[in-house]
Every structure is written in C-alpha cells, then in structure tokens.
Amino acid sequence: MPSRKVRVRFAPSPTGGLHLGGMRTVLFNYLFARQNGGDFILRIEDTDQARFVEGAEQYIIDCLNWCGLNPDEGPHVGGPFAPYRQSERKENYRKYAEQLVKQGNAYYAFDTTEELENKRKEIPNFQYGHAHRMEMRNSLSLSDDEVQSLLSQNVPHVIRIKVPEDETIAFTDMIRGAVSFDTNLVDDKVLLKADGMPTYHLAVVVDDYLMQISHAFRGEEWLPSAPVHLLLWEYLGWKAVMPEWVHLPLILKPDGNGKLSKRDGDRLGFPVFAMDWKDPKSGEITKGFKELGFLPEAFVNMLALLGWNDGTEQEIFTIAELIEKFSIERVSKAGAKFDFEKAKWFNQEWIKRKPVSELEPFVADILKQKGVEVESSFLQKAIALVKERLVYVNDFWQQASFFFVSPEQYDLGSVKPKWNDQKTEFFHLMGEVFKSTASWEAIDIELLFKSQAETSGLKVGELMLPFRIMLVGGKFGPHVFDIAHLLGRQETVSRIERGLNAIAE
RNA sequence: GGCCCGUUCGUCUAGGGGUUAGGACAUCAGAUUUUCAUUCUGGCAACAGGGGUUCGAUUCCCCUACGGGCUACCA
C-alpha cells in the first residue's frame, strides 16, 4: 500500500492518434488510481509547437471516454492544479530553470544548430557533457561579461542541465527493480528551449512535483533519460516527494522486431489506434478498434493482459475485477509482441458473454446506418440467434441482414445442380402448409417440414439447404427453423415463393 | 559504436532449486451442429548458449549471444 495519496497522470503529447501502448499506460494508471482511491490526471504535454496537431487533444479525451477511463482532472474537466496543458504553464518552467542556473546545476548555452551539427560531425559519439562542454559556447566556457552581453542582446539560447562527473545514479523502478547509470555517460540535456518552452525533461519533473504525482507510469523508452529526471528532482530540492517510477514494457510489432507503430497496423491489416483518427492535414483516416467493431470492455481487457496477468488462468476480466486485481508487481519486464488474433478472441468472448440487451445499442447503431428500423423485441431475438458467431459487433449486418431485408442474391450454385421438379412441388406444398398451420414455433415448423418431406418421398437432408438459401440467400446463419420462426409465417412463405422463382430462372 | 533494459511453446504468459514445465491464442486431427459459426475432445509445440554455486538447476550468480530502447532546442 502506498504511503501517500495516490495521484497518477497520463501525459501524452497531442501529436496524432492514440495507439495501444498509450492506451495501456492510461489503463494501468487508471486501475492503480481506482484501486488505491487515488486521482487520475490527464496532462497535455504540448511543449513542442512544431509537432502540435489540431484536434489531437479532443481525440485523446474521446478515446479515454470510449474505454470508460475518464480522468478526475484534466484540461476538459479542470481541477485544483489547473491548467493541465503545459503550453499554458509556460511561465512556471523558466523560473525553475533559472533557479538551477543560479544554483550552478544548469547553464546557458548559445550554440546554434549548425554549431552543434558540426561538432557532432567532427567528434564521433559527441555528447554535450563534461568532456566537451567547455569547448562549446555557454555560460561555463564564456566569461561572465560575455554571457551578460549575449543575454542582454537577446541572443537565442537554451538552458542545459549540468550533469555531474563520476557519480552513479541509482533508483528503484517498481517493475525493473534496481537500475543505475554512470553520470559520465549522461549528457547535458536541454531543459529550456530557445523559444522559452521547456523540454519534456524539465516539464515532467516540474509538473509531477506541482501536481503532487505519487507514481509515474511511462513507457520503457524513457528509462535512459531517467537519470536526468532524478538529478532534477534532487537539484530542485524535491527528492523527498519524488514519485515512484514505473517503466512499462513496450508493445512490439507482431512480426519482426521493434516498437509497434501505426505503420505496422496499416501493413499487417489491423488497427493500432483506439478510435478512428483523421489527420487534419492529409485528411487520411486511420482505422481504430472502436470503428472496427470492438467492444470497449474487450479492448480494455485485451490491453490489460498485454504485459500483465493475475497469476491464475483467468483471462476475461471486467473493469471492476481489473481494479481489484491489478498489481504493478505482476507486470512483466519484457516487451510483448502484439497478437491481433488474440485481440479478436477477446472481443468474440465479450460479445458472447454480454447480454443481448447490452449488445442492442451497438447493433441498433449499425441498423441505423443501414437505414433499417425494427422493433426492439425483434432485434433482441435476432441478436440472440447470431451473437455466437460474431467476432466484431460490425459483423452483425453480414450475419443477420436477412432478418431485416430479404436476400437479393441467392447462392444458386449449391442448389441448382441437384434440383428437380419434385423439389419444386415440395416447396409449393410446404408453402401452403405453412400458411394454414396453427403453431409457428420453431419446433413445430421443423416437425411439419420433416413430415412433409416424408410424404413427398424426399430426404430431409436434401431440402434443408435449399430452404436455408431461400430464407437467407447463402450457406450461413443460425438454425433454419429458428430463422423461419423469427421471420414469421408470411415472410417465410413469401421467401419460399421468391426463392422458387429464382431457382426456376 | 556507447549506455540501459530484456530473453519459458509460433505468440501472450504461469511456474520456480527436485514439476509428466501449466494455461490461452494460433495451428493440426476428431466429435457435435442435415449451412456456417459456436461447443467439446485430443495432438504438435518452450526454459537462447556456455560456465559456475549445488546432491540437484529452467529457476541463483557470471559471461556470451540475441532482441529491444535511448543516444534531438521530439515526446
């Protein structure tokens, strides 16, 4: 049990679609916060003006909302630590950066981009650090007068951290355990950019402090810059309230190697983003799990099991169970290759388990798009009949459209070769019988069908498929008699007639 | 290249000094379903390699290999 109030944050930069890795970070943050009665904060890290993308922030909020992982504080809901956009907190950062300069833990650097580039070309493995910083143009190498004059002339400059020599920075990561770095190999990262904006390094530390973050969850790709952050927490005098570090394993490409990216999804044919993302510049739409037909419960469940398990053989978890059972200690250290087949399985399982009434809104949405109006009771019966065969909610139309619209095309190829007049006569007769029969229960329809086949001297087996094709159009769908039952007497008879005509042509 | 992190079936993983190394997805075979899907049964399939430590290592330690991440005035 954490000893202080749990406050966690998800801190994305609004640069585009929200991918699986990001969503999983959201989930773990959320689960941990809920489990410990803590707060979950959304903080937008929009310090890079060049990469800012219009609409990306709202999109992130929408994705969180779709999954039911809503933050307690954030730019859209406010909170006691507002503002929650770093671009709106710009003034904070300069203050702390200047403080570090005064303390001697940071310095002004006036090197231009070209100068840095040249230096990097000149010296292999160049690092702006203890070994080379005196060769550069900064407040360490220049005289005070020079620095003052450059500053007063408003010469563009950055503030860099002064990483100490010959120290070992060690800390404990809740997933990885003891991690340590030699400061001689850490470079003097830029803290405040020439445009006055902080870099990620300064901004996370300052805001995590100001927002009283207790546990910092982030991807493993941040591990190498952790020593810079540790140093900052120390120099700013906040070490006592530094959050616990939780570096999450990466989600990898299913084939080959490397971090999963949007490109992999495009290439391999599966979504990587939670929801459809439309690039405002190119207008290009990248498919999301939601629009493909994933249930949010399934998506969340799948995400949770990507790098975590509860140690039992249970794989299907509700959000409530996840909140109860999640533990950082059980998150695995190694990166996980994303397996879309398994993701589909989760969705299928959730569709099967979800009661018809809860599935109805999703399906009603699909019907609305198709311009079909039906009564709820009818729709529910249709859902009950096909839900076991859906992988995506969106499969519903393909699997059940015949309940609402009579087939336009018939799979005649599987009927015609074995067709004969006897069968035509049988179905004519069958239609008559159906018109006058008392009961329209599936079981009675079946009994009727079979006895009629017998009196006509035909094998039931040879009539089932034609009957199905007349009702459905093809070789798919639930049991024929269940279909006939739901379709109703009249519709069944008229479909037989229509089917007969199609076969006759 | 340097630094950091990692390594159990094809994939996600459980396990942990002595186990027939378990499950799930995928795959294969069979049963059921007079369509398909579902369901059921069964099969295939893993401790990266080498040194230690130990009576005994997949498990602990070291090395190597391999994989990944980082190495920007991007996050």
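Quick note on labels: first sequence line is chain A, next is B, and so on, each numbered from 1. What you see is a predicted model, and the numbers here were worked out from it, not measured in a lab.
With distances taken from any side-chain atom of A:Glu341 to the nucleotides B:A75, B:G1, B:A26, the minimum falls on B:A26.
With a 3.5 Å ceiling on both atom-pair distances, the Watson-Crick or G-U wobble partner of B:U27 is B:G43. Look at B:U33: it lacks any Watson-Crick or wobble partner with both distances under 3.5 angstrom. The pairing partner recorded for B:U38 is none, the criterion being a Watson-Crick or G-U wobble arrangement whose two distances lie under 3.5 angstrom. Across all strands shown, B:G18 forms a Watson-Crick or G-U wobble pair with B:C55, both key distances being under 3.5 Å. Base pairing analysis places B:C3 opposite B:G69; the two distances defining the Watson-Crick or G-U wobble pair are each below 3.5 Å.
Put simply, CE on A:Met136 is 13 Å from P on B:A72, counting in whole angstrom units. To the nearest angstrom, C1' of B:C73 lies 16 Å from CD of A:Glu45. Summarising the geometry, the separation between NZ on A:Lys262 and P on B:A75 is reported as 22 Å, rounded to the nearest angstrom. In this entry the distance linking OH of A:Tyr200 with C1' of B:C70 reads 13 Å, nearest Å. Here B:C70 presents its P atom at 17 Å from CG of A:Asn125, a figure rounded to the nearest Å. Protein atom CH2 of A:Trp345 is 14 Å distant from nucleotide atom P of B:G23, rounded to whole Å. Atom P of nucleotide B:A24 and atom CG of A:Asp310 are separated by 15 Å, given to the nearest angstrom. A:Phe346 has its CZ atom 14 Å from the C1' atom of B:A26, to the nearest Å.
To the nearest whole angstrom, the two P atoms, one in B:G6 and one in B:A48, are 15 Å apart. Taking atom P in both B:G67 and B:U54, one finds a spacing of 35 Å when rounded to whole Å. Going from the P atom of B:A65 to that of B:U27 covers 37 Å, rounded to whole Å. Spacing of P atoms, B:A29 relative to B:G22, comes out at 24 Å, to the nearest Å. Nucleotides B:A31 and B:A14 have their C1' atoms positioned 30 Å apart, rounded to a whole Å. Nucleotides B:C28 and B:G68, compared at atom C1', are 33 Å apart to the nearest Å. Comparing the same atom, C1', in B:C66 and in B:G50 gives a spacing of 14 Å after rounding to whole Å. Between the P atoms of B:U8 and B:C47, the separation comes to 11 Å (whole Å).
Within the structure, salt bridge (Lys or Arg N to Asp or Glu O under 4.0 Å) pairs that include any residue of residues 121-140 of chain A comprise A:Glu115-A:Arg137, A:Lys119-A:Glu122, A:Lys119-A:Glu135, A:Arg133-A:Asp188 (at least two apart or interchain). Contacts classified as side chain to side chain donor-acceptor pair (under 3.5 Å) and involving residues 406-418 of chain A (residues at least two apart or in different chains) are given here: A:Ser406-A:Arg498, A:Asp411-A:Ser414. Residue pairs meeting the salt bridge (Lys or Arg N to Asp or Glu O under 4.0 Å) criterion with at least one partner in residues 174-183 of chain A, sequence neighbours excluded, are A:Arg176-A:Glu220. Sorted by first and then second residue, the side chain to side chain donor-acceptor pair (under 3.5 Å) pairs involving residues 382-401 of chain A (not counting sequence neighbours) form an empty list.
By the side chain to side chain donor-acceptor pair (under 3.5 Å) test, A:Asp444 is found to be paired with A:Ser439, residues two or more places apart in sequence or in another chain being considered. Every residue meeting the side-chain contact (heavy atoms from CB on, under 4.5 Å) condition with A:Ala56, not counting sequence neighbours, appears here in chain and number order: A:Pro14, A:Val53, A:Trp277.
Within 6.0 Å of atom NZ in A:Lys90, more than 12 heavy atoms from other residues, nucleotides or ligands are found, so the atom counts as buried in its surroundings. Within a 6.0 Å sphere centred on NZ of A:Lys193, heavy atoms belonging to other residues, nucleotides or ligands number more than 12.
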Quiz item: What one-letter contact string describes nucleotides 34-44 of chain B from 5' to 3', where B marks a base within less than 4.0 Å of any protein heavy atom, S marks contact via sugar-phosphate atoms alone, and - marks no contact?
Solution: BBBBSS-----
Exercise. Summarise how protein sits on nucleotides 3-13 of chain B as a single string, 5' to 3': B when a protein heavy atom is under 4.0 Å from the base, S for sugar-phosphate-only contact, - for no contact.
Key: SSSSS---SSS
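Each of A:Leu250 and A:Phe126 lies near RNA chain B, and the nucleotide nearest A:Leu250 is the one positioned closer to the 5' end.
Of the inter-residue distances, the one linking A:Met197 atom CE with A:Leu192 atom CG reads 10.0 Å to the nearest 0.5 angstrom.
When heavy atoms are screened at a 4.0 angstrom cut-off, A:Arg218 is found touching no nucleic acid atom at all. Heavy atoms of A:Thr312 sit nowhere under 4.0 angstrom from any nucleic acid atom.
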When the side chains of residues 475-484 of chain A are checked against the rest of the protein, which donor-acceptor pairs come out under 3.5 Å, sequence neighbours left out?
none

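Looking at A:Arg495, its side chain does come within 3.5 Å of a backbone N or O of A:Leu471 through a donor-acceptor pair.
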